[in-house]
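Presented below is the structure to which this report refers.
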Amino acid sequence: MTAVVNSSRVERSPAIAQLRRRLAWARANLFARPIDVLLTSTIAAAAVALLWAIVPWAFIDAVWVGENRAACRPDAACWAFIVNRGGQFLYGFYPQPERWRVNAVFLIFAVSVFLLLRRDTPGKRVVAFFLLLVFPILGYVLLHGGVAGLSRVTTDKWGGLSLTLLLGVAGIVVSFPIAIVLALGRQSEMPLFRWASIAYIEICRGLPLIAVLFMARILLPYAFPVGSEFDPLALAVTGIILFESAYLAEVFRGGFQAIPKGQAEAAAAIGFGYWRTAIYVTLPQMLRVVVPGVVNNAIALVKNTTLVVILGLFEVLNIVAAGAADPDWLGLHAEGYVFVGLVFWGLCFAMSRYSQSLEREIKAAERQ
Amino acid sequence: MMSSSSRPLLEVSGLNKWFGAMHALRDVDLTVGVGERIVVCGPSGSGKSTMVRCINALERYQNGLIRLEGEAINADCDSVLGARRAIGMVFQSFNLFPHLSVLDNITLGPRKLLRLPRPDAESAAMMLLSQVRMEDQARKMPSQLSGGQQQRAAIARALAMNPKLMLFDEPTSALDPEMVKEVLDVMTALAEAGTTMICVTHEMGFAKAVAHRIVFMDQGKIVETADPAAFFAGDCCDRARSFVGTTAGRSGLASSS
C-alpha cells in the first residue's frame, strides 16, 4: 500500500517541480511589478488579436483546392491558386515533360555541395573541380538541351523558383573566384593590376544593380550592330556577376586585412613566393573569416534577383505576380505575395542558419 | 671557433636603411662563418631586429650588399626566395599558421617547396618534433599550445627546410618567464649540434653560454664585436658596459638555468 503511494509520488514529483519552476520564472520575468503585468497582458492581447485575424483567413476558412477563382471565398485565403500553379511557380514555362532536367541539375548541385562541405570526403579536389568547371557547362547543357537527344528549351522558358536559385547560385559561384582575384589585385604591388582592380570595384559597387540591368537592356543594343540579339538570361547573369564580384571583393579584402602581418612574413621566411603564400597561408585563413560576410551578400543577392523582371525574366516573384493577373485567378495578390515572402524568408533563414553552423564548425576545427 | 672554412657563410657589408627620415641601420658590416653563433644585443630601437630582417629580405634596405655563400641576395625574386629557403627564421610572436596542425605547419614548406611526399615530410617532421620535445603535440592546433610550445614548434618549422643559417628575432621576448627556459634549452641544444645562428636576444646567460661572438648595437650601428668573455668583463665601450649592467638581473636568472 505504502509502496503504491510512494511510487505515484515519485512519478508525479518531477512534473510538478518543472511546473513550479516555470511558474516561478513567469512570476519573476513577466509579472514582477504592476508595470510588467500591464506590459505582458497588453502584448499577449495584441498577439491574440493578430492570430484571431490571421488564423481563420490563412487556415480555417482557406480554400486549398479549386480550378479557378470561382472556388475561392471572398473573406479567406485561396491557396488553391498556389497549389494549382505550383508547377509554374517552381519551373516557369519549362515544358512539363522536361522538368526532370531542372530537378536533375539541382540534385547534382546539392549532392556535390554536400560532398564538398562534408569534412572527410575523399578526393575533395575532384569535387571542387567538377563544381567550378564541369558543373556550369553540364548544367547549361542539361537545361538548354539541343544536344544528345535532349529537346531545346530556350532561356525565355526558364522561370520561377528554379530561375531564382539559378541566378543566385551562378551569381555567387562565378563571382567567388573573380572576387578573390580582385581582392588580391587591390592589394597588389603591381600598379596596373591594382589600379584596374580598384577601378572595377569602385565603379561596379557604386552602381545600383537595377541600373546595371537597365543599361544592359537599353544601352547594350546601341553598342552592337542593329539586329544583334541578346539572351536576356545571359545579360542578367552577367550583370549580377559584375555587381556581386565587386561586393565580394571588398568582403575578401576585409578578410585579408584581418590576418596578422606575421603570417605572410612567416610564409616568406620559409621561402614561399606570392602565390604559395596566398594559396596555402593567407587565402585559407581569409576564407574562414569571411563566412558571415559572404552569406550576408548571398542573402542580399537572392533578394536582388527579383530585379531581373527588367529584362523580362520571370523569377519566382514576377511569375507569381503575373499569375495573379491571369483571368482565372484575377486579383489573388495577397496569397501570391504571402507565398513569395515565405519562400524568400525560408531561403534566407536557411542560409543564415547554415552560416552559423559553419562558423561554429570552423571555431571547433581551430581548437580541436 | 669553427669559422675556419675558406668562404664565410654570410657577408653583410655597408648596410644602410632608413625608415623615412630615421636612419635605422648605419654602415653595418658583419661576417658569419659556417658553424658560428652570433648573439646580437643592444637597447631597444638599436636596429637589431631590422638588421636580422634585412638578412632574409623581409625588410628592404637602401644601401649595402648581403651575400650568402658568396651569392648576392638582390632585389630580384629568385635570389631572395632562394636565400629565404636556405635561411630559417624564428619570430618573436611565433607566427605559426593557425589553420594548420603543428605537423602541417612543419611539413608545409618541405611538401610545397621541396616537393617531399607527405609520408617522408611527416617522418622528418616527427624527428624534428622530438628534437624540440614536442612529439606528443604533433596533431594539435597552435591555439591549443602554450607560448613556449608554439615557439618550439616554430623552431621545428624553420629547421624543416634544412637551413644553412638560423635567425632568431627575440624568440623569448613574448614568453612568460617560466617558458623562457624550455625555448632556450632547445636553442642551446641546436647550438651544441653546430647550427650556424644569429640570435637577437636579451638573454645574457644564453649569450654567455652559447655565443662565439657578441655583437652590440646602438642607434643603428654595430658599436662593438667581442667574444663573450671580453664582453661581459666590461672590456669594451661605456655604452655596452652600462647595457650589461642594466641586464645583469636577467643574466643572473638565465645563467642559473
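The structure displayed is predicted, hence computed values, not measured ones. In what follows, every chain begins at residue 1, and chains take the letters A, B, ... in the order their sequences are listed.
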Taking [atom1] in [X] as the centre, count heavy atoms belonging to other residues, nucleotides or ligands within less than 6.0 Å. Is the count above 12?
X: A:L192; atom1: CG; value: no
X: B:R133; atom1: CZ; value: yes
X: B:E69; atom1: CD; value: yes
X: A:F106; atom1: CZ; value: yes
X: A:W195; atom1: CH2; value: no

Once you round to the nearest 0.5 Å, how far does [atom1] of [X] lie from [atom2] of [Y]?
X: A:L287; Y: B:H99; atom1: CG; atom2: NE2; value: 10.0 Å
X: A:E265; Y: B:M89; atom1: CD; atom2: CE; value: 7.5 Å
X: B:S93; Y: A:Q263; atom1: OG; atom2: CD; value: 9.0 Å
X: A:Y280; Y: B:K112; atom1: OH; atom2: NZ; value: 4.0 Å

*Out of B:L96, B:V90, B:N56, B:L100, which one racks up the most heavy-atom pairs below 4.5 Å with chain A?*
B:L96

*Relative to chain A, which of B:L58, B:I87, B:L113, B:L81 shows the most heavy atom pairs under 4.5 Å?*
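The residue among B:L58, B:I87, B:L113, B:L81 with the greatest pair count is B:L113.
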
*Is any side-chain heavy atom of B:M161 less than 4.5 Å from a side-chain heavy atom of A:I270?*
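Counting from C-beta outward, B:M161 and A:I270 do come under 4.5 Å.
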
_Nearest heavy-atom neighbours spanning A:A268 and B:R84_ = O-CD, 2.9 Å

*Under 4.5 Å heavy-atom distance to chain B, tell me which part of A:A267 shows up: side chain, backbone, both or neither.*
both

_Less than 4.5 Å to any heavy atom of chain A: does that hold for the side chain of B:F97, its backbone, both, or neither?_
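B:F97 touches chain A through backbone and side-chain heavy atoms alike.
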
*Go through the structure and list residues passing side-chain hydrogen bond (donor to acceptor under 3.5 Å, both in side chains) with A:Q187, not counting sequence neighbours.*
none

*Any residue of residues 102-110 of chain B which, by heavy atoms, sits under 4.5 Å from chain A*: B:L108, B:G109

